[in-house]
Participant: 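Sharing a structure with you now.
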Number of protein chains: 2
Amino acid sequence: MSDSKNISIKDVAKHANVSTATVSHVINGTRFVSEETKRKVHQAMDDLNYRINSVARSLRSRKSHVIAFLAPILASETSNYFFMSVAAGIQSVLKQHRYHLVLSDSHEEEEYETDEIRMLGSQMIDGLIMAPSSRGLDYERLFGDYPVVYLDRVPSDSERDCVVVDNKTVSKEAVQTLIGKGHKRIAYISGPNTLTTTEERFAGYLEALSEAGLEAASELISMGEVSLNSGYKLAETLMVHEPTAIFVSDNVMAMGVMFYLQEKQIHVPGQVAVVAYDEFQWTRITSPPLTVIEQPAFELGVKAAEVMLDRIDNADAPVQEHRLNAKLIVRQSI
Amino acid sequence: MSDSKNISIKDVAKHANVSTATVSHVINGTRFVSEETKRKVHQAMDDLNYRINSVARSLRSRKSHVIAFLAPILASETSNYFFMSVAAGIQSVLKQHRYHLVLSDSHEEEEYETDEIRMLGSQMIDGLIMAPSSRGLDYERLFGDYPVVYLDRVPSDSERDCVVVDNKTVSKEAVQTLIGKGHKRIAYISGPNTLTTTEERFAGYLEALSEAGLEAASELISMGEVSLNSGYKLAETLMVHEPTAIFVSDNVMAMGVMFYLQEKQIHVPGQVAVVAYDEFQWTRITSPPLTVIEQPAFELGVKAAEVMLDRIDNADAPVQEHRLNAKLIVRQSI
DNA sequence: TAAAGTTATGTAAACGTTTACGTTTATGCA
DNA sequence: TGCATAAACGTAAACGTTTACATAACTTTA
């Protein structure tokens, strides 16, 4: 069943009466080989059931064809499906270029994150796409000699390619829509304001209010841990101050908010309107269906992967920043 | 910023006045080295900012410390969060053993799947954990010389380790619970009956019915594509035949079912009771909260990873089959 | 017909580790 | 003292590719 000895390019060469160079060139199509010889080589490869050793190839060619994606993606509790969609986008383009994707979970914690970066080492990946969990950390110190593309979030002093979402514009639009419907007491729920994304969303919220001549009431603004429970709790404490609308800047927290409102039989949008971040299938089956901000998650991944491949091909090209637009999907919750 | 030349173990050795062997042994702790020498080596590594080349290591040691997980996990449309939880479980144990996880998506299609297996090659991974999309395919032909652990599903003639869920027992229990509540017309919705899982679930359904002396009405049994839309459609056509309860054997389809019931204002459980597969956060915030079957997804991943690591250590150990129990969580939807 | 290309392939040195052996020096024991 | 053993480390051959350089056999050219 399994050949005890691994058969290599040498065995193939011998079996086909050619040199290893020729075999290699046949495999990679990297120089002209006569049809006749090609045939012999392919025959030999079939006969011996040859499989290329990509590790040896990587060592010699200094390319692993592996891209790592580091984000808070797998943690089971706070499962943020957003990054899974991103991963799907990344994979879709990597696959076309015969690259592999290795997933690392940062748990949204600096320690896990640095640990993962260290584990990735230097030569095992050709590039790193990451959603940094912190803005302040000196990531550069940790990176190996591979290109890095920041996704969704960007550390403060980054000189790297990045692809992000235009959070401010869409958040502003969402809040303006609420204002347009007559809401004046619009609450804001989000995770800790430590990420660029969160900050931008908040900025959009504030700007919409101020442009409408409304004041941002501090008792209507609450930030906490990103989790269903936390969303539940924050909704609970917020409702005491009688908002007529809630803007939730995170989809996991949004579940918590909806959980609370439903449990307490608070009518949406009658008693309180809700608009939340992220369009996922579940947002369509709450009652009522949620008004959401749809981030181009898949496209974010696609773009990041493309930028990464560009960067690999051309290390000296100017740094790119891509800002993708998000979309407000209005449903019955407002 | 970036050293033009990659510094290797040789450079470290020279700088520390020792041999490459000693450096290697210091790094890996694989033979005794005096404290003094260790210090020198560490010093040199720091001075030169040495980073190990894991590719070279893999080539020589014939171990990549990479495990691949192949499942329908990333496809954006039919996002089945189940496998993401599994992946989280896998990762949690791999991480402890300093293994990496590469994710491959099978799209639940044979072609994608075989393509991915081919791409993984032979030497780049130390093992493959997979949820096969088909029962009939001759996977053995595709595999390289690494151990394989089947997860969640098993091809018909497998002689490999596997870790699966006891679907039949829990499905039976769920249907029995419905019967206990007086239901006699219990509909069944699922994906195509081509997977071992689906088959077991169906078997449980049938057995519960027959043991209760109920007949399985064919108009109440419908199988279709696994998607939200499909769930919606199937619910629609099923409702014509006036079931008093619906058993949905897939969480994505369950969303579709709930979507339909809610849109048509069909009261749950008043007009129809619902029990569905998979406990995810969203099942708690539908109205009413869903009664679900909670599969030990994370634990499935954990177990699979453990089995894999065991297998890597001991290729000749007897094949293991692990069958984990699922749990019925009763909520207001029945 | 000799020189100069061309065409198709071969040779062998990397890539950066790990590891089976060897070697040196110090120590114990009779 | 002489020899065996132990303690600490060194030498160099793999691992399986890729690829710069070389070469042999033909063609063309003048």
Side-chain angles (χ1 to χ4, degrees), chain A residues 3-42 44-45 48-66 121-126 144-146, chain B residues 3-42 44-45 48-66 121-126 144-146:
Chain A
D3 312 297
S4 61
K5 180 187 181 295
N6 254 321
I7 60 112
S8 79
I9 218 176
K10 281 188 184 174
D11 304 311
V12 174
K14 194 172 297 175
H15 194 266
N17 261 314
V18 297
S19 71
T20 61
T22 298
V23 176
S24 174
H25 284 119
V26 167
I27 292 173
N28 301 298
T30 119
R31 86 175 173 195
F32 181 88
V33 177
S34 74
E35 285 306 322
E36 169 61 10
T37 313
K38 267 189 202 162
R39 211 191 40 70
K40 281 195 302 181
V41 171
H42 281 125
M45 295 201 297
L48 302 177
N49 189 27
Y50 168 77
R51 290 161 173 260
I52 199 165
N53 184 325
S54 39
V55 173
R57 168 187 288 194
S58 294
L59 176 59
R60 174 58 221 227
S61 65
R62 299 167 146 281
K63 292 194 119 287
S64 66
H65 271 230
V66 171
S122 44
Q123 274 81 1
M124 100 159 275
I125 58 174
D126 283 354
D145 198 21
Y146 42 73
Chain B
D3 313 298
S4 61
K5 181 189 182 293
N6 253 323
I7 60 112
S8 78
I9 219 177
K10 281 188 183 172
D11 305 310
V12 175
K14 193 172 297 175
H15 195 266
N17 261 314
V18 296
S19 72
T20 61
T22 298
V23 176
S24 174
H25 284 119
V26 167
I27 292 173
N28 301 299
T30 117
R31 85 174 174 195
F32 182 88
V33 177
S34 74
E35 285 306 322
E36 169 61 9
T37 313
K38 269 190 202 163
R39 211 191 41 70
K40 280 197 302 181
V41 172
H42 280 126
M45 296 202 296
L48 302 178
N49 188 28
Y50 169 77
R51 289 159 173 262
I52 200 165
N53 184 325
S54 39
V55 174
R57 167 187 291 194
S58 294
L59 176 58
R60 174 60 222 229
S61 65
R62 298 165 147 280
K63 294 195 120 285
S64 67
H65 271 227
V66 172
S122 44
Q123 275 80 1
M124 100 160 275
I125 57 174
D126 283 353
D145 197 22
Y146 42 72

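Convention: sequence-line order gives letters A, B, ...; per-chain numbering from 1.
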Participant: Taking only the side-chain heavy atoms of A:Ser8 (C-beta and beyond), determine which of C:dT17, D:dT19, D:dG16 contains the nearest atom.
Facilitator: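 Of the options given, the side chain of A:Ser8 lies nearest D:dG16.
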Participant: Is it the case that over 12 heavy atoms from other parts of the model lie below 6.0 angstrom from the NZ atom of B:Lys63?
Facilitator: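 More than 12 within 6.0 Å, yes.
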Participant: Taking the side chain of B:Ile52 as its heavy atoms from C-beta onward, which of C:dT19, C:dT18, C:dT9 lies nearest to it?
Facilitator: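 Between C:dT19, C:dT18, C:dT9, the one nearest the side chain of B:Ile52 would be C:dT18.
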Participant: Within the 3.5 Å criterion, strictly below it, is a donor on A:Asn53 or B:Arg62 matched to an acceptor on the partner's side chain?
Facilitator: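 B:Arg62 and A:Asn53 do not have a side-chain donor-acceptor pair below 3.5 Å.
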Participant: Can you give the donor-acceptor pairs under 3.5 Å from side chains of residues 14-21 of chain A to other protein atoms, not counting sequence neighbours?
Facilitator:
from	atom 1	to	atom 2	distance (Å)
A:Ser19	OG	A:Ala21	N	3.4
A:Ser19	OG	A:Thr22	N	3.2
A:Ser19	OG	A:Thr22	OG1	3.3

Participant: In whole angstrom, give the distance that lies between atom NE2 of B:His25 and atom C1' of C:dT18.
Facilitator: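 These atoms are roughly 8 Å apart.
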Participant: Between A:Tyr50 (side chain only) and A:Leu48 (backbone N and O only), is there a donor and an acceptor less than 3.5 Å apart?
Facilitator: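 Not a single qualifying donor-acceptor pair exists.
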Participant: In whole angstrom, give the distance that lies between atom CD1 of B:Ile27 and atom P of C:dT18.
Facilitator: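 Whole-Å distance recorded here is 6 Å.
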Participant: What nucleotide, of C:dT17, C:dG10, C:dA12, holds the atom closest to the side chain of A:Val18?
Facilitator: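 Minimum distance to the A:Val18 side chain belongs to C:dG10.
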Participant: Which parts of residues 53-61 of chain B get close to DNA chain D, meaning a heavy atom less than 4.0 angstrom away?
Facilitator: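 B:Leu59, B:Arg60 - these, ordered by number, are the residues of the stretch whose heavy atoms sit under 4.0 Å from the strand.
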Participant: Round to a whole Å and report the spacing from NZ of A:Lys10 to P of C:dT11.
Facilitator: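 My rounded result for the distance is 12 Å.
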Participant: To the nearest Å, how far apart are A:Ile9 CD1 and D:dC15 C1'?
Facilitator: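 Going from CD1 in A:Ile9 over to C1' in D:dC15 covers 13 Å.
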Participant: In whole angstroms, how far is the C1' atom of C:dG16 from the CG atom of B:Asp11?
Facilitator: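 My rounded result for the distance is 10 Å.
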Participant: For the residue pair A:Ile9 and A:Val23, what are the closest heavy atoms and their distance?
Facilitator: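 For A:Ile9 and A:Val23, the tightest heavy-atom pair comes out as CG1-CG1, 3.3 Å.
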Participant: Using a strict heavy-atom distance below 4.0 Å, which residues from residues 28-35 of chain A are in contact with DNA chain D?
Facilitator: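 Listed by number, they are A:Asn28, A:Arg31.
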Participant: Closest approach of A:Val55 and B:Met124, non-hydrogen atoms and distance?
Facilitator: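 Looking at all heavy atoms of both residues, the shortest contact is CG2-CA, 4.2 Å.
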Participant: OP1 or OP2 of D:dC9 versus the side-chain N and O atoms of B:Ser19: is any pair under 4.0 Å?
Facilitator: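 It does not, given that no N or O in the side chain of B:Ser19 lies less than 4.0 Å from OP1 or OP2 of D:dC9.
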Participant: State, to 0.1 Å, how close B:Val12 and B:Val41 come at their nearest heavy-atom pair, and which atoms those are.
Facilitator: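 That closest heavy-atom pairing would be CG1-O, 4.2 Å.
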Participant: Once you apply a heavy-atom cut-off of 4.0 Å, does A:Thr22 come out as touching a base, just sugar-phosphate, or nothing?
Facilitator: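 Result for A:Thr22 = sugar-phosphate.
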Participant: Write down the distance between NZ (B:Lys14) and C1' (C:dG16), rounded to a whole number of angstrom.
Facilitator: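 Distance check: B:Lys14 NZ to C:dG16 C1' gives 14 Å.
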Participant: For B:Arg62 and D:dA14, what is the distance between atoms CZ and C1' respectively, to the nearest whole Å?
Facilitator: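 About 10 Å, once rounded to whole Å.
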Participant: Just the rounded figure in Å: distance from P of D:dT17 to CE of A:Met45.
Facilitator: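 Atom-to-atom, A:Met45 to D:dT17, this comes out as 11 Å.
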